[in-house]
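Shown next, in structure tokens, is the structure this report addresses.
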Amino acid sequence: MTLGLTGAHQHVIICNESLMLEKLPKCGKSFEEMMKRVDSKKWCNLTEFITYYNNFSICTEREANAASCFWPNSLAQGFITGIHKQFFSNCTSEKVHWEDPPDEILMTLILIPVLLMIAMITVVVWCSKRSDILV
């Protein structure tokens, strides 16, 4: 026990890392069993296994908390990363290659706002010169 700033006793809880590392593989085995139900070609489609992954995440959090450890922590994160490498290493996202639109479309997209601005300025100047509509 330690004495806090307010004079109250606080319990210091120490993370039992070895217990956590002993229990986390149970979550991995359960996730592995659930992922056997999913066609391996669909492993990159999160909607196919989101429930299984949620259960895995809840399991790792529960086991970390049971060992008096915060979650996530570096050891649990390392374990989760290992699971990701095992199941999702081929799920690299393809980078989107952005291209400019064709010149005709680009010129139209540029000219329309410019011409509208010129028209609005012309209307404002014309109206400000007419004293009969300024009341």
Side-chain angles (χ1 to χ4, degrees):
M1 277 198 235
T2 62
L3 194 58
L5 294 175
T6 61
H9 290 284
Q10 298 175 347
H11 292 282
V12 177
I13 300 173
I14 299 173
C15 173
N16 187 341
E17 294 176 347
S18 59
L19 177 63
M20 181 185 64
L21 289 175
E22 182 182 310
K23 298 284 186 173
L24 286 180
K26 177 181 83 168
C27 301
K29 290 287 185 202
S30 175
F31 182 68
E32 190 174 335
E33 290 299 316
M34 290 185 279
M35 286 299 284
K36 286 181 181 175
R37 300 176 194 163
V38 179
D39 182 12
S40 62
K41 294 174 185 159
K42 296 181 179 181
W43 282 1
C44 296
N45 184 354
L46 187 60
T47 58
E48 295 289 330
F49 61 88
I50 188 69
T51 304
Y52 303 149
Y53 192 83
N54 184 51
N55 292 340
F56 169 70
S57 181
I58 291 169
C59 181
T60 57
E61 183 176 6
R62 182 180 58 242
E63 295 303 336
N65 291 335
S68 301
C69 299
F70 290 106
W71 186 91
N73 60 57
S74 59
L75 293 174
Q77 204 66 30
F79 178 77
I80 293 167
T81 301
I83 293 292
H84 279 224
K85 286 180 182 175
Q86 180 181 351
F87 289 98
F88 313 122
S89 61
N90 293 329
C91 298
T92 56
S93 61
E94 296 178 13
K95 297 200 187 245
V96 177
H97 178 68
W98 295 99
E99 292 182 13
D100 286 337
D103 287 344
E104 298 81 26
I105 294 175
L106 190 60
M107 289 302 287
T108 304
L109 291 172
I110 292 171
L111 287 177
I112 287 176
V114 170
L115 294 174
L116 281 173
M117 195 178 331
I118 291 171
M120 292 301 294
I121 291 170
T122 304
V123 168
V124 168
V125 169
W126 179 70
C127 286
S128 67
K129 287 186 177 185
R130 291 191 56 199
S131 60
D132 61 331
I133 60 172
L134 293 174
V135 179

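Only heavy atoms go into these numbers, but all of them, side chains included; no hydrogens, no water, no symmetry mates. These numbers were taken from a predicted model, which means no experiment stands behind them.
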Considering all heavy atoms, the nearest [X]-[Y] contact:
| X | Y | value |
| --- | --- | --- |
| Leu109 | Pro113 | O-CD, 3.1 Å |
| Val114 | Ile110 | CG2-O, 3.3 Å |
| Ala76 | Leu24 | CA-CD1, 3.9 Å |
| Ile14 | Ser68 | O-CB, 3.7 Å |
| Val38 | Glu48 | CG2-O, 3.9 Å |
| Leu19 | Ala66 | CD2-O, 4.4 Å |

Is [Y] reachable from [X] through a run of hydrophobic residues whose side-chain heavy atoms are each under 4.5 Å from the next?
| X | Y | value |
| --- | --- | --- |
| Ile50 | Met35 | yes |
| Met120 | Ile112 | no |
| Ile13 | Met20 | no |

What's the spacing between [X] [atom1] and [Y] [atom2] if we round to 0.5 Å?
| X | Y | atom1 | atom2 | answer |
| --- | --- | --- | --- | --- |
| Cys69 | Leu75 | SG | CG | 7.5 Å |
| Ile83 | Glu32 | CD1 | CD | 7.0 Å |
| Thr108 | Ile105 | OG1 | CD1 | 7.5 Å |

Quiz prompt | Residue pair Met34, Phe49: steps toward the side chain to side chain contact (heavy atoms under 4.5 Å, CB included) verdict | solution = CA-CA 8 Å; Met34 290 185 279; Phe49 61 88; over 6 Å; no
Exercise. Scan for side-chain hydrogen bond (donor to acceptor under 3.5 Å, both in side chains) pairs involving residues 19-29, sequence neighbours excluded, and state none if there are none.
Key: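 Checked against side-chain hydrogen bond (donor to acceptor under 3.5 Å, both in side chains) - neighbours excluded - the pairs reaching residues 19-29 are Lys26-Glu63.
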Exercise. Let me see the working for Phe87 and Phe31 under ring pair (Phe, Tyr, Trp, His ring centres under 6.0 Å), right down to the final yes or no.
Key: CA-CA 10 Å; Phe87 289 98; Phe31 182 68; 5.3 Å; yes
For residues 52-60, which side-chain N or O atoms pair as donor and acceptor with protein atoms under 3.5 Å away, sequence neighbours left out?
from	atom 1	to	atom 2	distance (Å)
Tyr53	OH	His84	NE2	2.6
Asn55	ND2	Thr51	O	3.4
Thr60	OG1	Phe56	O	3.4
Thr60	OG1	Ser57	O	2.8
Thr60	OG1	Trp71	NE1	3.2

Quiz item: Around Asn90, counting heavy atoms of other residues, nucleotides and ligands shown, do more than 12 lie under 6.0 Å from its CG?
Solution: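 No, the 6.0 Å shell around CG holds no more than 12 heavy atoms from other groups.
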Quiz item: Does any N or O in the side chain of Asn73 come within less than 3.5 Å of the main-chain N or O of Phe70, such that one atom is a donor and the other an acceptor?
Solution: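 Side chain of Asn73 to backbone of Phe70: a pair is present.
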Practice problem: Quick one: name the residues clustered hydrophobically with Met117, using the 4.5 Å side-chain heavy-atom rule over I, L, V, M, F, W, Y, and just say none if it's on its own. | Solution: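 Cluster partners of Met117: Ile121, Val125.
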